[in-house]
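Beneath this line is the structure, given in structure tokens, with notes to follow.
Convention: sequence-line order gives letters A, B, ...; per-chain numbering from 1.
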2 protein chains.
Amino acid sequence: MAESLRLTVDRRSPVPLYYQVAEQLEQAIGSGQLSPGFKLDNEISLADQLGLSRPTMRRAIQELVDKGLLVRKRGVGTQVVHGRVRRELELTSLFDDLRATGQKPATKVLVNQVEPAPAEVADELGFAEGDEVLHLERLRLADEKPLAVLRNWLPANVIRPTDEELENGGLYQLIRDAGTHVQVARQRIGARGATTQEARLLGGRKNDAVLTMQRTAYADSGRAIEYGDHCYRPEAYSFEVTLVER
Amino acid sequence: MAESLRLTVDRRSPVPLYYQVAEQLEQAIGSGQLSPGFKLDNEISLADQLGLSRPTMRRAIQELVDKGLLVRKRGVGTQVVHGRVRRELELTSLFDDLRATGQKPATKVLVNQVEPAPAEVADELGFAEGDEVLHLERLRLADEKPLAVLRNWLPANVIRPTDEELENGGLYQLIRDAGTHVQVARQRIGARGATTQEARLLGGRKNDAVLTMQRTAYADSGRAIEYGDHCYRPEAYSFEVTLVER
DNA sequence: GTCAATACTTTGTCCTAACATTCTGTCTTA
DNA sequence: TAAGACAGAATGTTAGGACAAAGTATTGAC
């Protein structure tokens, strides 16, 4: 097949043209219609086929290069790298992730109160020690089984949720609903032995291995908006990342 | 200060203009010269100041938006998000990372032989079970202390290193030197208790928590080029990731 | 027949230009 | 005084063209 691929664009749609093309290409790769190693037509002829300019076509391709689905080589062309499309680790909460994969998430609220910031938290949020912060501690379950212990600290003026709100959705959803846009987050992923309390909550024994994640999130205004210290049952959870050479 | 920032470009340099600008901006942010919340001039006037076109200036800014250092808001402008510049998790080997941070890496080769691929490895590499693969097993030390146990399997025709070569550098360096370009890698990060053998090598006890990473790397041709199963002493190592909302 | 020089293909970079969209602040009007 | 209309400012999208650089294939000479 020279080009079994059929791409179309709708110029009346408000969706950007480059995005329409990128989406269709991604789906074609994900569905196996374009198999690894397949060489795309060159940018100019692709653009012509769709009635687009080269920059627009180029941008569509770039989107997929950034995602690691395509590879470009000057003087050679553009090829499909591999078909297994894995979603990049995104700025979504664990709650949304679970629901998206069909598991039934649940939350048990352990702590939900405003208190003076401990030293480590104040440092991460860029606050003074003792400034008031909202302290949350939750046990997250998936399909009725304990999955993770989630400890979070937020500036006191971001949200002030009820226990019920925390049980019905993810933290990030509440933050977004409050009109705050989370822009960047820095995560550190590690491991350690469970504390006695964690073991009790997760249904294991002290010093059992747990996967840990510390995260500091920043709003688009630049100020720190959340510090989280989570630990997960490693049998039930792992992080996936896709790295792309640029 | 309206704009204490002084940017310059060298048109005779082979380094792309947008990259020159992005680098200078990144350094200005990293050094604190541009503090969080600082609002950049608009794209057009920045481009004028440098004698560049708007697309080129725009691309420079985009680089830093992708890295999470800047935020753009339509109708408003471009702002610095936060100053702490953390390097994105990159396609570099642990060996290079250690050397870059000033620690003294060393490697002890435990296994270096060609053998039939076990089922799990064959599956990850897209091979048939029993196909010949190069099996490597190494103990990585930093400043004389054991840090990680590295198990890797590669297609037999990629590299065939001597023990000495493995001791003097990272695996990825050897792959690159062989003319193979690693383009994409998928990593899964988790945790578990150490096996007896791992505990002995890392100087701990059985069932001590270890941080684990499984990675499958693909060459630009699309074929799988390496499968790795590593475990790290969590006191000595963790992964850092920066997530950017797009 | 082998090796080197050349031509061609394809992506990479950069430019000018125009219009759309979104947000902010101001001015007008009820 | 307050709410809505409007203008301005900034980024977002798209177009079309030109040249540079790198890799591939062909051609030519020895």
Using atom names, set out every protein N or O paired with an N or O of nucleotides 3-9 of chain C below 3.5 Å, distance rounded to 0.1 Å.
none

What nitrogen or oxygen pairs link the protein and nucleotides 15-17 of chain D at under 3.5 Å?
{"residue": "D:dA15", "atom": "OP1", "partner": "A:Arg11", "partner atom": "NH1", "Å": "3.4"}
{"residue": "D:dA15", "atom": "OP1", "partner": "A:Arg11", "partner atom": "NH2", "Å": "2.5"}
{"residue": "D:dA15", "atom": "OP2", "partner": "A:Ser53", "partner atom": "N", "Å": "3.0"}
{"residue": "D:dA15", "atom": "OP2", "partner": "A:Ser53", "partner atom": "OG", "Å": "2.9"}
{"residue": "D:dA15", "atom": "OP2", "partner": "A:Thr56", "partner atom": "OG1", "Å": "2.5"}

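One atom, CG of B:Leu40, and another, C1' of D:dA9, lie 16 Å apart when rounded to the nearest Å. Remark: P of C:dA20 and CZ of A:Arg12 are 17 Å apart, rounded to the nearest angstrom. Taking atom CD on B:Glu43 and atom C1' on C:dA20, their separation rounds to 14 Å, with Å as the unit. If you measure from atom CD of A:Gln62 to atom P of D:dT14, you get 15 Å, rounded to the nearest angstrom. Computed from coordinates, the B:Ile44 CD1 to D:dT11 C1' distance equals 9 Å when rounded to whole Å. Rounded to whole Å, atom P of C:dT11 lies 12 Å from atom NZ of A:Lys73. At whole-Å resolution of the value, CZ in A:Arg72 and P in D:dA22 are 16 Å apart. In this structure, B:Asp41 places its CG atom 14 Å from P of D:dA9, rounding to the nearest Å.
Side-chain N/O atoms of A:Gln214 and A:Tyr227 include no donor and acceptor closer than 3.5 Å. Residues A:Glu226 and A:Tyr218 bring no donor and acceptor atom of their side chains to less than 3.5 Å of each other. A donor-acceptor contact closer than 3.5 angstrom links the side chains of B:Arg140 and B:Thr107. Residues B:Gln113 and B:His135 have side chains that never bring a donor and an acceptor to within less than 3.5 angstrom of each other.
The stretch residues 45-58 of chain A participates, sequence neighbours left out, in these salt bridge (Lys or Arg N to Asp or Glu O under 4.0 Å) pairs: A:Glu43-A:Arg54, A:Glu43-A:Arg58. Sorted by first then second residue, the salt bridge (Lys or Arg N to Asp or Glu O under 4.0 Å) pairs that include residues 159-175 of chain B, not counting sequence neighbours, number zero.
In this structure, the separation between CG on B:Asn152 and CZ on B:Arg138 is 5.0 Å, given to the nearest 0.5 Å. Between B:Ser53 atom OG and B:Ile44 atom CD1 the span is 11.0 Å, to the nearest 0.5 Å. Atom CG in B:Leu7 sits 12.0 Å away from atom CD in B:Glu23 (nearest 0.5 Å). To the nearest 0.5 angstrom, B:Leu34 atom CG is 12.5 Å from B:Glu26 atom CD. Distance CG/B:Asp229 to CZ/B:Arg151: 5.5 Å, rounded to 0.5 Å.
Residue contacts shown for B:Arg58 include a base, since a base heavy atom lies under 4.0 Å away.
If A:Pro14 and B:Arg59 are placed on DNA chain C by their nearest nucleotide, the residue sitting closer to the 5' end is B:Arg59. When each of A:Arg74 and A:Tyr18 is assigned the nucleotide of DNA chain D bearing its nearest heavy atom, the one mapping closer to the 5' terminus is A:Tyr18.
A rotation axis mapping the C1' atoms of four pairs onto the next four is fitted at both ends of the helix from C:dG1-D:dC30 to C:dA30-D:dT1 over five pairs, and the angle between these axes is 10° to 10 degrees.
Between A:Thr78 and the phosphate of C:dT10, there is no side-chain N or O to OP1/OP2 separation shorter than 4.0 Å.
Residues satisfying the ring pair (Phe, Tyr, Trp, His ring centres under 6.0 Å) test with B:His230, not counting sequence neighbours, are none.
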